[in-house]
Amino acid sequence: MENTPLVSVLLTTYNREKYLSYCIESVLNQTYKNLEFIIIDDGSTDSSMDLIRRYHDPRIKAFHLNENHHISYATNVGLKKVSGDYLAYIDSDDVW
């Protein structure tokens, strides 16, 4: 995708296994394909991380925090990992 800007999509999540697959799939199914999808699991105690690991899309970069630090901390961790020309943020209970 030469000359196509990279969009970094940042998702932070905590115990949202009920909604997470809808959210992830809505990002992956966008018509704009030149994106990296950074997912920060903020120490979930449900099956969120297992669900995230089921996706084998090379655009996904998933990270798990060992304990819950809350959204601001998790977002800052994610912001350090983005490398795109643009940044988009999605909440873990949202669908695009």
Side-chain angles (χ1 to χ4, degrees):
M1 293 188 196
E2 193 173 316
N3 297 323
T4 305
L6 177 65
V7 174
S8 296
V9 178
L10 177 57
L11 165 67
T12 59
T13 187
Y14 175 72
N15 286 347
R16 292 291 181 122
E17 67 180 320
K18 181 177 178 181
Y19 307 104
L20 198 53
S21 62
Y22 299 108
C23 177
I24 292 171
E25 289 172 27
S26 77
V27 172
L28 295 177
N29 289 328
Q30 293 297 304
T31 57
Y32 192 88
K33 299 297 182 190
N34 192 25
L35 58 87
E36 65 175 358
F37 192 6
I38 297 165
I39 304 174
I40 307 295
D41 179 82
D42 190 16
S44 293
T45 57
D46 65 2
S47 297
S48 292
M49 198 63 207
D50 292 332
L51 189 149
I52 294 165
R53 287 186 181 123
R54 286 187 211 137
Y55 290 90
H56 299 288
D57 191 302
R59 297 173 294 174
I60 294 177
K61 299 174 183 174
F63 303 91
H64 176 74
L65 304 180
N66 290 329
E67 61 185 67
N68 179 248
H69 293 282
H70 303 288
I71 192 167
S72 296
Y73 182 93
T75 300
N76 285 330
V77 169
L79 288 172
K80 292 177 184 173
K81 307 215 179 271
V82 301
S83 60
D85 301 298
Y86 298 99
L87 173 66
Y89 184 84
I90 186 168
D91 288 314
S92 57
D93 61 348
D94 287 346
V95 175
W96 283 352

For residues 75-89, please give each side-chain donor-acceptor pair under 3.5 Å, one per line with the distance, not counting sequence neighbours.
| unit_1 | atom_1 | unit_2 | atom_2 | d |
| --- | --- | --- | --- | --- |
| Thr75 | OG1 | Ile71 | O | 2.7 |
| Asn76 | ND2 | Ser72 | O | 3.3 |
| Ser83 | OG | Glu36 | OE1 | 3.0 |
| Ser83 | OG | Glu36 | OE2 | 3.2 |
| Asp85 | OD2 | Leu6 | N | 2.8 |
| Tyr89 | OH | Thr12 | OG1 | 2.6 |

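Considering only heavy atoms from C-beta on, Ile24 comes within 4.5 Å of Ile39 through its side chain. In this structure, the side chains of Leu11 and Val27 stay at 4.5 Å or more apart for every pair of heavy atoms. At least one side-chain heavy atom of Glu25 sits under 4.5 Å from a side-chain heavy atom of Tyr55. Within the 4.5 Å cutoff, the side chain of Pro58 has no heavy atoms near those of the Phe37 side chain.
Here the CD-OG distance, from Glu17 to Ser48, works out to 5.5 Å after rounding to the nearest 0.5 Å. Expressed to the nearest 0.5 Å, how far OG of Ser8 lies from NZ of Lys61 amounts to 7.0 Å. Distance OH/Tyr14 to OG/Ser92: 12.0 Å, rounded to 0.5 Å. From Asn68, atom CG reaches atom OG of Ser44 across 7.5 Å, with rounding to the nearest 0.5 Å. Considering CG of Leu10 and CD1 of Ile40, their distance stands at 6.5 Å, rounded to 0.5 Å. Taking CG of Asp50 as the start and NE2 of His64 as the end, the distance is 9.5 Å to the nearest 0.5 Å.
Placement of Leu20 and Ile60 within a single hydrophobic cluster is found when ILVMFWY residues are connected by side-chain heavy-atom separations under 4.5 Å, directly or transitively.
Tested against Thr13, the residues Leu51, Asp42, Ile52, Ile90 include a single side-chain contact (heavy atoms from CB on, under 4.5 Å) partner, Ile52.
For Asp93, the salt bridge (Lys or Arg N to Asp or Glu O under 4.0 Å) partners two or more places apart in sequence, or in a different chain, are Arg16. Scanning for side-chain contact (heavy atoms from CB on, under 4.5 Å) contacts around Arg59 gives Leu28, Lys33, Leu35, Asp57, with sequence neighbours left out.
The 12-atom threshold is exceeded at CZ of Phe63, counting heavy atoms of other residues, nucleotides or ligands nearer than 6.0 Å.
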Item to check | Step-by-step side-chain contact (heavy atoms from CB on, under 4.5 Å) determination, Tyr32 to Thr4 | outcome: CA-CA 10 Å; Tyr32 192 88; Thr4 305; 2.9 Å; yes
